[in-house]
Amino acid sequence: MFVVLILTKMRSKRTFNEKIYNKLKEVPFGKVVSYKILAESINSKAYRAVGSCMRRNKYPDKIPCFKVVRNDGDIGKYSLGIKEKIKRLNKEGIIVKNNKVDLDKFGFKFD
DNA sequence: GCTGTGACTTCGA
DNA sequence: CTCGAAGCCACAG
């Protein structure tokens, strides 16, 4: 009873960024994912909240934020700077052109 | 506890 | 094509 209640409460706070975090971990090397795909993969439409959580970034060491781009392929922004983001993307073999990536090639879907 | 803002998206003018 | 508004969730003030 009480346990369930507590767990439920905790879940309401956690679900979001934790799920995003988990999904983001599923993204294989050399692939990127958009905020939208990420949000939808956890049954939510809070695209902005995803960005918010990344920006606040509670887990800077655990979350590969550079793998998250906008739906248009625009890489958006990055805590450490867009330059750094591009650098890291390039390290995964992802081509960034004019601050954009090719989602058809590198976009990962969670099926 | 309500308000504003933000690494976003989509639709209509 | 560009611009503005609405909609979603979390967090700071």
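Convention: sequence-line order gives letters A, B, ...; per-chain numbering from 1.
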J.: Nucleotides 2-8 of chain C: which of its N/O atoms have a protein N/O under 3.5 Å away?
T.:
{"unit_1": "C:dG7", "atom_1": "O6", "unit_2": "A:R48", "atom_2": "NH1", "d": "2.6"}

J.: Only one of A:D72, A:D74, A:I75 passes side chain to side chain contact (heavy atoms under 4.5 Å, CB included) with A:V101; say which it is.
T.: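 By the side chain to side chain contact (heavy atoms under 4.5 Å, CB included) criterion, A:V101 pairs with just one of A:D72, A:D74, A:I75: A:I75.
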
J.: Going 5' to 3' along DNA chain B, which are the first and last nucleotides with any atom under 4.0 Å from a heavy atom of chain A?
T.: B:dG6 to B:dT10

J.: When you look at CD1 of A:I95, are more than 12 heavy atoms from neighbouring residues, nucleotides or ligands closer to it than 6.0 Å?
T.: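 It does not: A:I95 CD1 has 12 such atoms or fewer within range.
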
J.: A:K36 or A:I75: which one's nearest nucleotide on DNA chain B is closer to the 5' end?
T.: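 Between the two, 5'-proximity favours A:I75.
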
J.: In Å, rounded to the nearest 0.5 Å, how long is the span from NZ of A:K67 to CZ of A:F106?
T.: 13.0 Å

J.: With a sphere of 6.0 Å drawn around NZ of A:K31, does it hold more than 12 non-hydrogen atoms of other residues, nucleotides or ligands?
T.: yes

J.: For the atom pair CD (A:E40) and CG (A:L38), what is the distance rounded to the nearest 0.5 Å?
T.: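 So the CD of A:E40 and the CG of A:L38 are separated by 10.5 Å.
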
J.: Just checking A:S79: base, sugar-phosphate only, or nothing, at a heavy-atom cut-off of under 4.0 Å?
T.: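 Counting heavy atoms under 4.0 Å across all strands, the contact made by A:S79 includes a base.
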
J.: Stepwise, does the side-chain contact (heavy atoms from CB on, under 4.5 Å) test hold for A:M54 with A:I20?
T.: CA-CA 10 Å; A:M54 292 301 153; A:I20 291 172; 3.4 Å; yes

J.: Take the protein atom CZ of A:F16 and the nucleotide atom C1' of C:dC11, then report the distance between them rounded to whole Å.
T.: 13 Å

J.: Between A:E92 and A:R88, is there a salt bridge with N-O shorter than 4.0 Å?
T.: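 No salt bridge links A:R88 with A:E92.
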
J.: So what does A:R55 touch, heavy atoms closer than 4.0 Å: a base, only the sugar-phosphate, or nothing?
T.: base

J.: Out of curiosity, A:I42 CD1 to A:N17 CG, how far, rounded to the nearest 0.5 Å?
T.: 9.0 Å

J.: If we take the C1' atom in both B:dA7 and C:dT2, what is their distance in whole Å?
T.: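 About 22 Å, rounded to a whole number of Å.
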
